[in-house]
There are 2 protein chains.
Amino acid sequence: MPGSDRGRATSDRETEGRCALADVALAALGSGSRESGGSVRGSSPTINDVARVAGVSKKTVSRVINDSPLLRVETRQRVELAIAELGFVPNLQARGLAMGHNSLIGLIHDNPNSQMVLGVQQGILEAIRDTDFALVVRPVDRGSPGMMDDVRRFLERQRLFGVMLLPPISENDLLARHCAELGCRYVRMGSARLDADAHCVSSNDAEAVAAATRHLIVRGHRRIGLVAGPHGFRSAKERRAGFEAALNEANVALPRSLIAQGDYRFDSGVIAGSRLLDQVPPPTAIFACNDEMAAGVLHAARQRDLAVPRDLSIIGFDDTPIAAHVWPPLTTVRWPIQAMGQAAARKLLDGSSDAPAPPSVFPSKLIVRGSVADLEVGP
Amino acid sequence: MPGSDRGRATSDRETEGRCALADVALAALGSGSRESGGSVRGSSPTINDVARVAGVSKKTVSRVINDSPLLRVETRQRVELAIAELGFVPNLQARGLAMGHNSLIGLIHDNPNSQMVLGVQQGILEAIRDTDFALVVRPVDRGSPGMMDDVRRFLERQRLFGVMLLPPISENDLLARHCAELGCRYVRMGSARLDADAHCVSSNDAEAVAAATRHLIVRGHRRIGLVAGPHGFRSAKERRAGFEAALNEANVALPRSLIAQGDYRFDSGVIAGSRLLDQVPPPTAIFACNDEMAAGVLHAARQRDLAVPRDLSIIGFDDTPIAAHVWPPLTTVRWPIQAMGQAAARKLLDGSSDAPAPPSVFPSKLIVRGSVADLEVGP
DNA sequence: TTGTAAGCGTTATCAG
DNA sequence: CTGATAACGCTTACAA
């Protein structure tokens, strides 16, 4: 019985009402199946089967499943009925072959922060919900010498509809160029405007960090340490720039001794925090360029029996779960990662629209928790 | 110049050496392109182009790219040369259409733990490295009424080679049945044996938790609290069973008052921990069924000015980053998530092999950090 | 060991 | 508005 398995698939609530058409279908299929053969051997029904059952041509069915406007309602209904009876599901492989591109969008990233990756995935999936698009993930290993070749091979073989590039790999201009060369649409996410509006969705980390830093300054802090992010990361650069700008505008000095470099990981935060806290006098507050490092600073403080926030105020960045779960919970900067993922995906899908893409810059927000205190003026 | 973009793609190191063949290629393509037309309009070269350039038939090229054993080395080389010259890349859509299935494997999950999801992804990607397979992710919303229909639609439309099911959704037998009905290979990951060996890769949470509990008992603890996981999660059931088994075998009593229920999230850990710690006398140790809840217990302890581990020992489960990052760092159970993902993917790919699948149960390991102390015997 | 012919299930073209 | 016919690029019989 052709497609009987599938028949149940789309319509679980379908009972035994209108099976007349289905019987016609069987009869029709039984005889001269010269073209598609889709009915043989229990495989699922094809567009040909639907056409035969509905008594129309292949192309008409195609028009129905592609929402073509030029169709008589009556015809459309007949076809839709046949589709329902047969439990027909269009074959994306075939469609992809015919149209020259598949319905997959790729997510390329080399991100150590799982929360972020998953947030973006979530956003993308929201954007492609109710479409036939699916999300293909491709983590890559920045630093590995063959990385770029790897990605190229991936793009060549999979022939995706388009890809989304996550930071920090999204900052790589060469990668973007490769995408373009391979005819693969792309959108880059970043902490600053990295590309033309059509290819870019970003936050404004510099501004967000400046606001966070002002939060410290307003509370009386003047010796403020920075745990910077790693070289080569645009986000690290942006965040540092925002930090310095805020200090500058308030005429607060930033001695080199109050800057320590980290690599965005917890351990580097412990080390950087230690170095900062061993200065004399130590800083009264520290901004760390991400939450993991901020948690590391917290560790370093605890190792020195410093109470946070009494003896030391700390602000992080990203608002990952760790920020809320350490003690005291960290004041930090939250950026709308999921919304950005969604916007980026939409931009990708709308790419062929005629209207020029609008710029997409998403605002971040300071989340105030318990790791910042007003500075007690000394005796 | 047909395929010139692509020509560079695979062979960046190719300089100007042997372009003779390529010229032949151009000539050949220029004239009677009656079949594929792959050379026209800058689109990428097809198997026909390769065949013409190499002076063999389509099928022979197909044999080469599919590693058929029956080919003269000479022929093979000629074809390979042509492939290189042209920068030919097989079209997966077309192949998928012809073979009846694509080269995508899906990851279906409804997991709140991002670390876990990403770990599995990593494992899968290792398993499919150097193949043409790609990974499609599909988070679903357990609890949403339309979830199962959703997944079915997804499977019907995408026609994946196979899917991997992550806990807790992997515990859903109905979902597995649907996969089978739709002709989609599947492998389930879980905290216990959920299915036939061919469809299952698991850890043994009960045993792991029993070991962790013994770790507490050996150190003198007798009043040990449990923060259980949510109903309906197999892992919660397994972990609790392991906990109770260890207490039993040591003849340690487990009053109901020392069991609190959580939902695997931080906040529930705080609440459950509070309830446990407010008992008189309070427990001297608590096992929480995952790290997030263990971190919550830590919060509850701190709110009561209890020192960990001096006044309270805590053990968690999963070894997520949070376990290492809170203070004190948590003793916890680590299970080989990435290795399991890899094994599961391999199982999926080997699915058609004749040999019966071996059982795959992966051992977990107690990670000892700073949250457990020997029990001081009271005065 | 290699080639020929016939699909795989869709969409595009261009006529009616 | 609808339909015949030809792509789309590859694989799998079945020959040679």
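Letters go in sequence order (proteins before strands), and every chain restarts at 1. This structure is a prediction, so every number in the text was calculated from the model and none was measured.
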Below 4.5 Å, heavy atoms only, C-beta onward: do A:Gln93 and A:Leu97 meet side chain to side chain?
no
For [X] and [N], give me the distance from atom [atom1] to atom [atom2], rounded to whole Å.
| X | N | atom1 | atom2 | result |
| --- | --- | --- | --- | --- |
| A:Met99 | C:dT10 | CE | P | 12 Å |
| B:Asp67 | D:dT11 | CG | P | 12 Å |
| B:Arg63 | D:dC10 | CZ | P | 16 Å |
| A:Asn66 | D:dT2 | CG | C1' | 16 Å |
| B:Asn102 | C:dT10 | CG | C1' | 15 Å |
| B:Leu92 | D:dG9 | CG | P | 13 Å |
| B:Asn48 | C:dA5 | CG | C1' | 14 Å |
| B:Ile83 | D:dC10 | CD1 | C1' | 13 Å |

Distance test, side-chain N/O of [X] to OP1/OP2 of [N], below 4.0 Å:
| X | N | result |
| --- | --- | --- |
| A:Asn91 | C:dC8 | no |
| B:Arg95 | D:dT11 | yes |
| A:Thr75 | D:dC1 | no |
| A:Ser57 | D:dA4 | no |
| B:Ser62 | D:dC10 | no |

So if I take every side-chain heavy atom of [X] and compare against [options], which nucleotide ends up nearest?
| X | options | answer |
| --- | --- | --- |
| B:Leu97 | D:dT2, C:dT10, C:dG9 | C:dG9 |
| A:Lys58 | C:dT11, D:dT2, C:dT1 | C:dT11 |
| A:Lys59 | C:dG9, D:dG3, D:dT11 | D:dG3 |
| B:Ala98 | D:dT2, C:dT10, D:dT11 | D:dT11 |
| B:Thr46 | C:dT10, C:dT2, D:dG9 | D:dG9 |

Would you classify B:Val61 as touching base, sugar-phosphate or nothing, given that sugar-phosphate means primed atoms plus P, OP1 and OP2, and contacts are heavy atoms under 4.0 Å?
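Here B:Val61 touches no strand at all.
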Under 4.0 Å, heavy atoms only, any strand: does B:Leu71 hit a base, just the sugar-phosphate, or nothing?
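Sugar-phosphate only.
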Using the closest heavy atom to pick a nucleotide of DNA chain C for each, name whichever of B:Ala94 or B:Thr60 lands nearer the 5' end.
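Nearer the 5' end of the strand: B:Thr60.
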Quick check: any donor-acceptor pair below 3.5 Å linking the side-chain of A:Arg159 to the base of D:dG9?
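Flag unset: no donor-acceptor pair detected.
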Can you tell me how the ring of A:His199 sits relative to the ring of A:Tyr186, calling it parallel under 30°, perpendicular over 60° and tilted otherwise?
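Answer is parallel, since the angle falls under 30°.
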Which of these, B:Ile47, B:Asp49, B:Thr46, sits in a side chain to side chain contact (heavy atoms under 4.5 Å, CB included) with B:Val61?
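Single pass found, and it is B:Ile47.
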Would you confirm whether B:Arg138, through its side chain, and B:Ile108, through its main-chain N or O, come within 3.5 Å as a donor-acceptor pair?
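Flag not set: sc B:Arg138 to bb B:Ile108 has no pair under 3.5 Å.
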Polar side-chain atom of B:Glu85 near backbone of B:Val50 as donor-acceptor pair, under 3.5 Å:
no
Could you give the distance from SG (A:Cys184) to CG (A:Leu348), rounded to the nearest 0.5 Å?
7.5 Å
